[in-house]
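Here the structure is laid out as structure tokens; the discussion comes afterwards.
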2 protein chains.
Amino acid sequence: MIPSSLKSQTSVDVVRPLAPRQLKLVRDATQGGQTAGLASASPCANCVMHWACITGAVPSAQQERLDRMVHTWRKVGKGESLFRAGDTFHALYAIRSGSFKTVVSHPNGTSHVTGFQLSGETLGLDGIAADRHTCDAVALEDSTVCSMPFHCVEDLCQDIRPLQRRLHQLMAEEIVRESGLMLLLAGLTAETRVATFLLNLSTRMQDRGYSGSSFTLRMTREEIGSYLGMQLETVSRALSRFQREGWIAVSGKQIGIVKKSALSEL
Amino acid sequence: MIPSSLKSQTSVDVVRPLAPRQLKLVRDATQGGQTAGLASASPCANCVMHWACITGAVPSAQQERLDRMVHTWRKVGKGESLFRAGDTFHALYAIRSGSFKTVVSHPNGTSHVTGFQLSGETLGLDGIAADRHTCDAVALEDSTVCSMPFHCVEDLCQDIRPLQRRLHQLMAEEIVRESGLMLLLAGLTAETRVATFLLNLSTRMQDRGYSGSSFTLRMTREEIGSYLGMQLETVSRALSRFQREGWIAVSGKQIGIVKKSALSEL
DNA sequence: CGGCTGGTTGATACCGCTCAAATAATGTGG
DNA sequence: CCACATTATTTGAGCGGTATCAACCAGCCG
């Protein structure tokens with residue numbers, strides 16, 4: 001189980017184990033009560049992010065076992081860490097709302113953003129390797145996550161084949177994602193990287209029901225730069241150039257995609 | 001230590017399903033007969049790479065089921081592909097002898113080496129994500145691999161917890177490895193990358209019973225460059241510089257590590 | 001309001017890429 | 001086994017894309 005003593009920061013790293021009944025209510029609150037009428041049977045099935053979450057693979061007949069597993073949730077305030085490199089690994093986390101960045105650090109002091117995670121995506125896979133996390137997961141905005149104790153996940157995988165399959169896919173997708181990113185970092189120019197980044201973010205926003213052509217960046221230019229292996233000034237210049245060309249509209253963190261084709265042809 | 005008395009022919013993509021008894025004999029041949037006296041019980045357990053292989057997690061009581069799973073092996077000649085991007089995913093491969101590179105390609109034609117795999121390491125994890133491989137796996141020298149049909153692996157995982165655990169670790173290790181590589185690509189200078197590469201290879205050779213201070217590169221400067229995100233000339237210059245400084249001894253593909261500390265302090 | 005973080009833009013330096021040429025290593029056919 | 005073709009490696013010279021340094025601006029919050 002998740003010890004409630006998990007590194008608590010300023011205020012918000014509170015883990016709340018709740019009885020299923022209470023949990024339902026809390027979850028409904030998270031969703032602004034929109035699904036209150038439906039929420040009786042199975043909290044996980046009613047989650048707005050169910051479609052993207054690892055738990056989506058569990059057949060409805062076994063939802064009950066799922067809800068027993070996913071029985072804690074957690075708020076993480078903007079700038080706070082869900083876990084840090086070196087923390088012992090307990091659980092995988094499904095992002096219910098908000099977004100995160102993952103950061104790895106080199107002994108020499110430099111650090112690098114290895115990914116941005118949106119709602120529905122999973123955090124913590126890195127911890128499986130050595131029972132210890134190897135990166136920091138930091139919230140880019142006030143966020144909520146569901147905790148899935150990993151030994152419970154492994155237990156469930158024994159009985160629910162689709163879940164096993166899904167977990168394997170999830171990890172493999174992460175492997176593929178990273179190798180794609182390496183190709184980006186190693187081979188392409190700064191502008192191409194920024195363009196690719198915008199397009200990727202665009203489709204992911206669209207998948208979540210937001211507009212793919214107008215969205216808000218939750219991360220700073222510096223974080224984008226770190227992710228893409230360049231300086232923040234270079235990111236800024238690339239965005240300015242794209243705007244001059246009429247391909248995008250930039251206003252601070254607000255991004256509008258005007259000419260997607262131009263970006264993808266870089 | 002790694003006996004590759006395996007001669008490669010041109011037509012090597014041969015998969016040979018064998019009865020267990022025959023298999024034993026073939027394997028013993030693969031090992032140069034060194035373990036012939038011991039090989040009666042369980043071929044997998046007698047593999048020289050068992051310690052590093054995913055199958056090392058299977059308790060001896062269940063070796064027999066393992067041997068039923070790992071019942072095909074395959075030679076891959078230098079320069080040939082074990083699988084290619086786009087191939088449908090069937091199996092994971094454990095490298096029994098030799099070494100490989102994995103290469104991903106960008107639509108625009110550029111390609112990038114995402115990793116080098118040595119004996120005992122596993123290939124094919126990328127295919128799990130979409131039942132289709134996303135990279136090419138190319139032998140850097142004449143090599144042999146054991147095929148492990150993935151549906152069999154998943155079946156066995158249901159019954160053998162340690163194997164499930166090991167598979168998860170394996171995938172997570174790959175995730176961690178890649179995020180470390182991204183840090184390398186994004187943040188460090190060309191010389192630092194080359195130094196890190198040499199040190200990494202050195203420890204992996206040592207783990208396999210070779211000297212960590214004197215070994216042969218199986219890949220070209222160009223492949224190293226692709227892996228590290230730089231041009232082959234830059235790799236060559238870095239190696240030359242390290243030699244001028246007296247930190248390493250280079251003679252073509254033969255590398256001697258003279259002053260490990262200097263390399264790690266870059 | 002004034003400090004502060006985040007973002008934009010400009011000037012300059014430098015690392016690593018590109019092009020080029022010479023040399024070494026490897027493979028092939030006779 | 002040699003002669004030749006091919007591939008791999010080293011080294012040099014010059015250019016260009018990014019980093020770096022610096023100045024300035026815009027929100028934001030106490």
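Reminder, nothing fancy here: chain letters follow the sequence lines and each chain counts from 1.
- We find that NZ of B/K78 is positioned 13 Å from P of D/dT7, with the value rounded to whole Å.
- Regarding B/Q254, its CD atom lies at a distance of 19 Å from the P atom of C/dA24, rounded to whole Å.
- Between A/R221 atom CZ and D/dG27 atom P there is a gap of 13 Å when expressed in whole angstrom units.
- Between A/R218 and A/E223 there is no salt bridge, since none of the side-chain N atoms of the basic residue sits less than 4.0 Å from a carboxylate O of the acidic one.
- B/S240 has a side-chain polar atom (N or O) that falls below the 4.0 Å cut-off from OP1 or OP2 of D/dT11.
- In this structure, B/W247 and B/F242 have tilted ring planes: the angle between them lies in the 30° to 60° band.
- A salt bridge links A/R241 with A/E245: the distance from a Lys NZ or Arg NE/NH1/NH2 to an Asp or Glu carboxylate oxygen falls below 4.0 Å.
- Remark: B/K253 is in phosphate contact with D/dT9, judged by side-chain N or O atoms under 4.0 Å from OP1 or OP2.
- Nearest nucleotide to the side chain of B/R237, out of D/dT20, D/dG12, D/dT9: D/dG12.
- B/E233 contributes a side-chain N or O that forms a donor-acceptor pair with the base of C/dC19 under 3.5 Å.
- One atom, CE of A/M230, and another, P of D/dT20, lie 13 Å apart when rounded to the nearest Å.
- If you check the side chains of A/D126 and A/T134, you find a donor sitting under 3.5 Å from an acceptor.
- Atom CD of A/E222 is separated from atom C1' of D/dT20 by 14 Å (rounded to the nearest Å).
- Rounded to a whole Å, the CG atom of B/L232 is 15 Å from the P atom of C/dG16.
- A/H90 and A/T88 form a side-chain donor-acceptor contact under 3.5 Å, judged by distance and modelled atom types alone.
- Residue-level contact check: A/G225 touches neither bases nor backbone, having no heavy atom under 4.0 Å from any strand.
- Checking C/dT8, C/dG6, D/dT18 against every side-chain atom of A/T189, the shortest atom distance belongs to D/dT18.
- Distance from the side chain of A/T234 is smallest to D/dA19 among C/dT8, D/dA19, D/dT9.
- In this structure, the CZ atom of B/R241 is 11 Å from the P atom of C/dG16, given to the nearest Å.
- Residue B/Q243 contributes atom CD, which lies 9 Å from atom P of D/dT10 at whole-angstrom precision.
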